[in-house]
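Read through the structure below, which is laid out as structure tokens, and then see the notes.
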Amino acid sequence: MSRYDTKTIEPKWQAAWEQAGTFVATRDEAKPKYYVLEMFPYPSGRIHIGHVRNYTMGDVIARFKLATGHNVLHPMGFDAFGMPAENAAMASGGHPKTWTYDNIDTMVEQMKPLGFGLDWSRMFATCDPEYYGQQQAMFLDFMEKGLVYRKNAVVNWDPVDMTVLANEQVIDGKGWRSGAEVERRELTQWFFKISDFSEELLEAIDGLDDWPAKVKLMQQNWIGKSRGLEFAFERVDGGDPIAVYTTRPDTLMGAAFVGISPDHPVAKALAAADPKVEAFRAECQKGGTTEEALEKAEKLGLDTGLTVRHPLNPNWELPVWIANFILMDYGTGAIFGCPAHDQRDLDFCRKYALPVTETFVPEDTKLAPKSILDAEFVDGDIAEVHGTRYFRLHDQAYVPPKTERVRWINHFAGLDLATGDEAIDATIAVAERDGWGKGVTNYRLRDWGLSRQRYWGCPIPVVHCEDCGVVPEKKENLPVELPFDEDGKPIDFSVPGNPLDRHPTWRDCACPACGKPAKRETDTMDTFVDSSWYFARFTAPREKTPTNMDDAKYWMNVDQYIGGIEHAILHLLYSRFFARAMHICGHLPKSAIEPFDALFTQGMVTHAIYVTRDENDRPVYHFPEDVEIHESGARLGATGEEVEVIPSAKMSKSKNNVVDPVAIIDQYGADTARWFVLSDSPPERDVEWTAAGAEAAFRHLSRVHRISAEIAEGGDTGTGDDALRRAMHKAIHDVTMGVESFGFNAAIAKLYAFTNVLAKAKASHAARREAIITLAQLMAPMTPHLAEEIWATQGGEGLIANAPWPKADESLLVEDTVTLPIQVNGKRRSEVTVPKDLPKAEVEKLALADEAVVKALAGGQPKKLIVVPGRIVNVVI
RNA sequence: GCGGGCGUGAUGGAAUGGUAGACAUAUCGGACUUAAAAUCCGUGGGCCGUAUGGCCGUGUGGGUUCGAGUCCCACCGCCCGCACCA
């Protein structure tokens, strides 16, 4: 009997698929098309077991769709621009281009033995000039349609290296290499006008029926539509009024101060005249640009000495403060602070001794007069004195949901009991009636800054001309290619800053408008641009235009997109924007403006970390192969030292817990790796790689292989054909459901169960042969090599990859009798087996006659009797 | 800080609001073997009980329901994102 020899089996079938062109996609109007795509990898160097999981899921879908009669497109490429290539060049003196293409070669070589059903003929990398040249062409189209513009924006500035830093390169507010305190600095940058699409991108989320609800919710919150009031505070000194935007105009009577951003024009004007203000602005510019850093930073304020008049009472003057937590990018860059109903404002006002005024109190309370002592407020903000409940603020701002009714104090629109939403409406109405403000809709979504001051990215194809200004490059001059050399030598990346900026010749060019000598733009594009349209490019990857409309019409949309949850917002939102922009420029049909019909977000593959401590109590990480697991705990194989096990940690080179797919394939074969990454956890959740789990997967596949070999040797073993066929059709049904609903782990559990039945089945040779062939077909999307091998062993024609998916015989799925649990007051007490169509009344009779029920009733009558046909009986006493 | 998610035996997990723990792993017991490996059979949430069986049990505390792992509220813990990481 032949053993399960993956080293022979797997390359054999991979060669067979390649020779047959099984996965090469060509347009065929006669068949329904199916486009399945996994988020393409960054060529970091080696493939990761996480990639294996991602692509295996896609491959299961692709092979399943092929078997169900679809014309499948399942391509692969590389998201190849980005910082790590430059970092590698900086660290070891190579070139980003060489590093990247070497990595791509390695990774392709590592992916092929996994047997993915990919159309490799469509592969490209985003750093191919053929790709980024088309991207530049689209950029010019976007410019023409007014979708691109320039403005100032803040970046992380390293004052020692004199260079812009990515957020990732800012560690605890310091530059990663120089260690210098990072500053926020303004730079003129290129932007895509994604904010023009805020409403459309928000509304269209409703139509994304096959996206996870959590992703849709995150995108909605990110776009952040809000309704509010815009108005201006008159300055007492007669200067330009200060415009503010607020989502809580109902709290206007609780205003304590007006706050402006350190980057607000008024703040800048004051700073020009007053070094104290300038020093404060400089203080505010310390640290990185992330919203997290800004939000967590200590709240700082500076009283400008300016005052403004309250719009509802000209005698009420409010101080103007500069505050570091106010963003110039959102609203008008100025707010009014209402400490009673906003925690951040409350903290600020307590810190700077500004007054706190409630504008509303809980419905069943009164505002506490001063005469009620603090001591009465034993439990937070409410005190009860002589039967009356009084409210007064303490440490927490009072922020009830806007849909909750509250009691208003001195509301100028005459409200008494009303919800926040009603009060906002009333306030906006009054402001509009009296002409001092207007209701506006605002979005949190900001325009997409795409400029990067780095080398390894797609050059922005514009030219700066002294006479003509910013001029788009001519399309016939595309691609604007990155230079490989400078002064005849490969570019030196050991110097901080953008090599394009200091390149001796690359910048020099002729102005596309007037022909005079001019300078190229040296900013390159954000790598998110590259990944925002690659899915469209896969439909016609060699086209001399960004897309081919016929191909795009045929293949788009992506029917199933699969990738990590970490891309839930940015990548997916940018792609949705890009599809719309491409449609406007004639590169995609209208039908493709929502490019991903269905989205699935898969979890990570994790692995335990093994740690010991050195003499200074610093952690020492050990490779799994150096650790022995005993019942009493884990120990180092060499020394017997006890090892701490941290389960389910993200794989990381520095923690020595990375599982290399290449080693796994070598040890067990690709099918085992594929089977394991699908089997133990639901695909949306993290799965922990364990040696025992991989071993178990391998044992199971060996067992299936062995069963096939036994059956091939023939012989009838009994007469249980009927039971085996029932189990088989149940398996067909369950596995089909599992695959269609991304329940891969559940599908695999059903395959285990069916295998157990088949292994023990006493049945005719014909029935057993039918069962093993069906099992192979059901396993084929997950373990395609083993499936082909069994198919061939059992004399199947052609390739199993092309065989039609088995169909479940519905008549064999239904049982004649069902066993119903009988509950008494919701607790299971007994059960009764009845014919499946037994009328409800009969079931009730049987239930009431049940020994346990009779005992529980003790002669009495049940209060209620619930019979759910085919499910359960509940007797309520 | 803000937004989103997750939490079930020793372990990974299963379960259209309807018998919690399918399937797999560890463990333990047995068969086969001179022996081991492989394989096969059984055991496999906790407590009590020889057993039929009983009580408890899905992070914690409350709620809705005839019935809650599942729905709602609060809390705790962990994970993801926060616009220049990909």
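Since the model is a prediction, treat every value here as computed from it, not as a measurement.
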Hey, what are the protein-to-nucleotides 64-68 of chain B N/O distances that come in under 3.5 Å?
| from | atom 1 | to | atom 2 | distance (Å) |
| --- | --- | --- | --- | --- |
| B:C66 | O2' | A:N874 | ND2 | 3.3 |
| B:C66 | O2 | A:N874 | ND2 | 2.6 |

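- For the pair A:K827 and B:A20, the criterion of a side-chain N or O lying under 4.0 Å from OP1 or OP2 is not met.
- Taking the six-membered ring where the residue is Trp, the centroids of A:F698 and A:Y4 are separated by under 6.0 Å.
- Between A:I194 and A:L201 there is a side-chain heavy-atom pair separated by less than 4.5 Å.
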Heteroatom pairs (N/O) under 3.5 angstrom, protein to nucleotides 1-6 of chain B:
| from | atom 1 | to | atom 2 | distance (Å) |
| --- | --- | --- | --- | --- |
| B:G1 | O2' | A:E295 | OE1 | 3.4 |
| B:G1 | O6 | A:E292 | OE2 | 3.4 |
| B:G3 | O3' | A:N221 | ND2 | 2.9 |
| B:G3 | O2' | A:N221 | ND2 | 3.0 |

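- Residue A:N745 has no polar side-chain atom (N or O) positioned under 4.0 Å from OP1 or OP2 of B:A24.
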request  = Step by step, work out the ring-ring contact (aromatic ring centres under 6.0 Å, His included) result for A:F744 and A:F742.
outcome  = CA-CA 5 Å; A:F744 301 129; A:F742 270 82; 5.1 Å; yes

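- Residues A:T755 and A:H700 have side chains in contact (heavy-atom distance under 4.5 Å, counting atoms from C-beta outward).
- Of the listed nucleotides (B:G12, B:C84, B:A26), B:G12 has the atom at the smallest distance from the side chain of A:S681.
- When ring centroids are compared, A:F676 and A:Y668 stay outside the 6.0 Å threshold.
- With its glycosidic angle within 90° of 0, B:G9 is assigned syn.
- We find the OH-CG distance between A:Y561 and A:L599 to be 8.5 Å, quoted to the nearest 0.5 Å.
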When you compare the protein's N or O atoms with those of nucleotides 40-43 of chain B, which come within less than 3.5 Å of each other, and at what distance?
| from | atom 1 | to | atom 2 | distance (Å) |
| --- | --- | --- | --- | --- |
| B:C40 | OP1 | A:R703 | NE | 3.1 |

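- Look at B:A22: it lacks any Watson-Crick or wobble partner with both distances under 3.5 angstrom.
- For A:R829, the listed nucleotide lying nearest its side chain is B:C55; candidates were B:A86, B:C84, B:C55.
- Relative to the side chain of A:V155, the nucleotides B:C84, B:C23, B:G81 differ in distance, and B:C84 lies closest.
- Listed candidates were B:A24, B:G54, B:A86. Nearest to the side chain of A:T527 is B:A86.
- Remark: A:R452 is in phosphate contact with B:C84, judged by side-chain N or O atoms under 4.0 Å from OP1 or OP2.
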